[in-house]
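A quick write-up on the structure given underneath.
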Amino acid sequence: MNSLTLLQVAWVALRVNLLRSILTMLGIIIGVAAVIIMLALGAGARYDVDQQIKSLGGNVFVVFARGRFMGGAREASGSSQGLTEMDAQAIEQQIPEVNVATPTLRASGQLIYGNLNWAPEIHGVDNKIYTAQSWELAEGRSFSDTELASAGRVAVIGQTVKRELFGAADALGQTVRVNKMPVTVIGVLKGKGQNTQGNDQDDLIFMPLDTVRKRIAGMTLSSPKAVRSIIVQVTDERDMSIVEQQLDSLLRQRLRISDNQSGFSIRNLAEMVETRSQTMQIFNGLLAAVASVSLLVGGIGIMNIMLVSVTERTREIGLRMAVGAEPRIILKQFLVEAVLLCAMGGLIGLTLAVAVSLGLEHFAGFTAIIQPQVVVMSLGFSCLIGVFFGYYPATKAARMQPIEALRFE
Amino acid sequence: MSHTVVETKALEKHYQMGGQHLRALKDISIRIAEGDFVAVMGPSGSGKSTFMNMIGCLDAPSRGQILLQGEALTQLSAAALAKVRNKYIGFVFQQFNLLPRTSALDNVLLPLLYNNTPRDEARARAQACLQLVGLGDRLDHQPSQLSGGQQQRVAIARALVNDPALILADEPTGALDTETGLEVMQLLQQLHQQGKTIVLVTHESDIAAFANRQLLFKDGNLISDRSSIPHSAAAELAILRQQRIKEVAV
Ligand SMILES: Nc1ncnc2c1ncn2[C@@H]1O[C@H](COP(=O)(O)OP(=O)(O)OP(=O)(O)O)[C@@H](O)[C@H]1O
Ligand SMILES: [Mg+2]
């Protein structure tokens, strides 16, 4: 009996008990779908994290001054000085592994254009920010040296700000008011989209450091060159820990902070994201494990129904043996039936998983990625379940004595 | 002397039932030649079916020997026995034993699936056999769409499809009324005239009279073996039908 005939015979047997076959498959369908969906969500989360790390830069530290710049409102406390532009310079010059170190300030304020207003994050930066945070210009230019040196009233705006204030119209050369001060838009950034937390990364504007410090944040700063944070980009990601140590000792020395005090913090954003994502990965792994259990239960269901089917069809088995079916072929027949059940269940489960994943992406904002190897593996695995749980019922059928099987009532 | 299809030598079958030892067949030595039409008779429990299952290779003897087409069957594996059955034996059962929800054609095809006959050839042969038993127009009917007599004729077609050396029929008319029973017997007689070797189990002497040779079993013993001139099933069927018409007329 060739394989095609075996498949046909199995197909007919399953079709005869269509409803039962479908109900039996249900366990496998749900199991396979659940496993694939969990793995897809896991892979999607992983992808999001990777994207975020890419956008933050896996090789970036952010150094914050502690208790210094809370919206410019809080005064300096303690004896240590805050971070300054000179610290950024020193970091870049004295730590050879550092590519760029760029100081930043942050302020809040209202942007007004015509009768529209909008409140993005306002960042005081210099042109190194493009390298340090991987920003690119969509149009226009970055700040000139004169603008940087003289607290020029110019701004580079993010995509969201452009959309909200200018819509489709040209933004370049337009004047907006930032806290009542007129500022000329000289550039527009390329969009980065949302990060994994769903925050809009494009809702910001860049202005020269001095402009923000003097004209927006006001004079609440402890030093004329004070900055809120320094973004440090390391040339080679592998040097991160060396650079972290060097940063720590250099800043302690410059800010005159002893080892047991803390006046600044060094944060590796990629690492923070990574840590958070690891928890998520573990959670996802657990869910996938639970899903596999349901696959196992589905397998037991298959075995159960195959046993019932073998008993029900005892006379059929006897007849097939009487007309010349060898035990080996009876074994194959029932095995093929179980595997076919599982394979079809797997396929339906896969289809279901694809549908649910698409739904989750479109309606719930998840990223779900179904990797090809997961598809192959889950289909292969469901076939294996068929072989594993179908084997015992099939042996039972093959071991029957033709005469007893024929007489079975 | 014509060619021997099956021969038993001191054949015994014993059953062990809850400490009781039952000799279902006792020292049966018999020879069935090509072209024989043998009726196996005897009261219930006399060992007819047991004998039949032995020579049909469905069951192994406890003692003694069976030669089928000159080949000894003892000590063959289950797989080898399956091959022997497929090649040499065609079974007809009292309860038809057709596959449910499967067309007549596919039912008849079944033995050919197990010896890898090419699909087209298998279909052609199955169709020819169904034509032979008068069901050429019922190829696609499922058992539930056929009458008892028709189902038994499908089963006979299935027994014929592999052109076996021996056709074994265990009470083929047992589940049928007199008329359809006669129809089945007429078909078997036809096959016998075409040269088939047939062994038929029955406990009705009317049915046994259509065979050329009668074996009588009692308590596992073969107590008589005689040949006779067979009655004609066709003739009896004609008489029966005539009576029917008269009854309706009256
Ligand atoms: N599997 C078995 N186990 C135990 N005893 C059996 C078995 N099969 C048959 N027998 C016994 O062997 C004897 C012969 O049985 P067999 O079926 O051959 O009778 P039979 O002549 O065909 O009867 P019937 O006309 O009722 O079909 C009976 O006494 C029966 O009880
Ligand atoms: Mg019997």
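Remember, it's a predicted structure, so these values are computed and weren't measured experimentally. Protein chains get the first letters and strands the later ones, always in sequence-line order, with residue 1 at the start of each. What's counted below: heavy atoms across the whole structure, side chains too, no hydrogens, waters or symmetry copies.
Proximity to chain B among residues 326-340 of chain A is limited to A:E326, A:P327, A:I329, A:Q333, judged by heavy-atom separations below 4.5 angstrom. Along residues 75-98 of chain B, the residues that come nearer than 4.5 angstrom to chain A, judged on non-hydrogen atoms, are B:A78, B:A79, B:A82, B:K83, B:R85, B:N86, B:F91, B:F93, B:Q95, B:N97 in order of number.
Surrounding CZ of B:R138 are more than 12 heavy atoms belonging to other residues, nucleotides or ligands, all under 6.0 Å away. Counting heavy atoms of neighbouring residues, nucleotides and ligands inside a 6.0 Å radius, atom CZ of A:F283 does not exceed 12 of them. For CD of A:Q373, the number of neighbouring non-hydrogen atoms (other residues, nucleotides, ligands) closer than 6.0 Å is greater than 12. Shown here is A:F381, whose CZ atom has no more than 12 heavy atoms of other residues, nucleotides or ligands within 6.0 Å.
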Side chains of residues 51-71 of chain B: which donor-acceptor pairs under 3.5 Å do they make with residues two or more places apart or in other chains?
| from | atom 1 | to | atom 2 | distance (Å) |
| --- | --- | --- | --- | --- |
| B:N53 | ND2 | B:S49 | O | 3.2 |
| B:S62 | OG | B:H14 | N | 2.8 |
| B:Q69 | OE1 | B:H3 | NE2 | 3.2 |

B:N116/A:T5 under side chain to side chain contact (heavy atoms under 4.5 Å, CB included): CA gap, chis, key distance, verdict: CA-CA 10 Å; B:N116 297 316; A:T5 320; over 6 Å; no
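Counting heavy-atom pairs closer than 4.5 Å to chain B, the top-ranked of the candidates A:R313, A:R315, A:R320 is A:R320.
If you measure heavy-atom distances from A:R399 to chain B, you find no contacts under 4.5 Å at all.
The shortest non-hydrogen separation linking A:G324 to B:Y114 is O-CB, 3.6 Å.
The shortest side-chain heavy-atom distance between A:V16 and B:T102 does not fall under the 4.5 Å cut-off.
A search for side-chain contact (heavy atoms from CB on, under 4.5 Å) contacts involving A:A368 returns A:A40, A:L41, A:S357, A:E361, not counting sequence neighbours.
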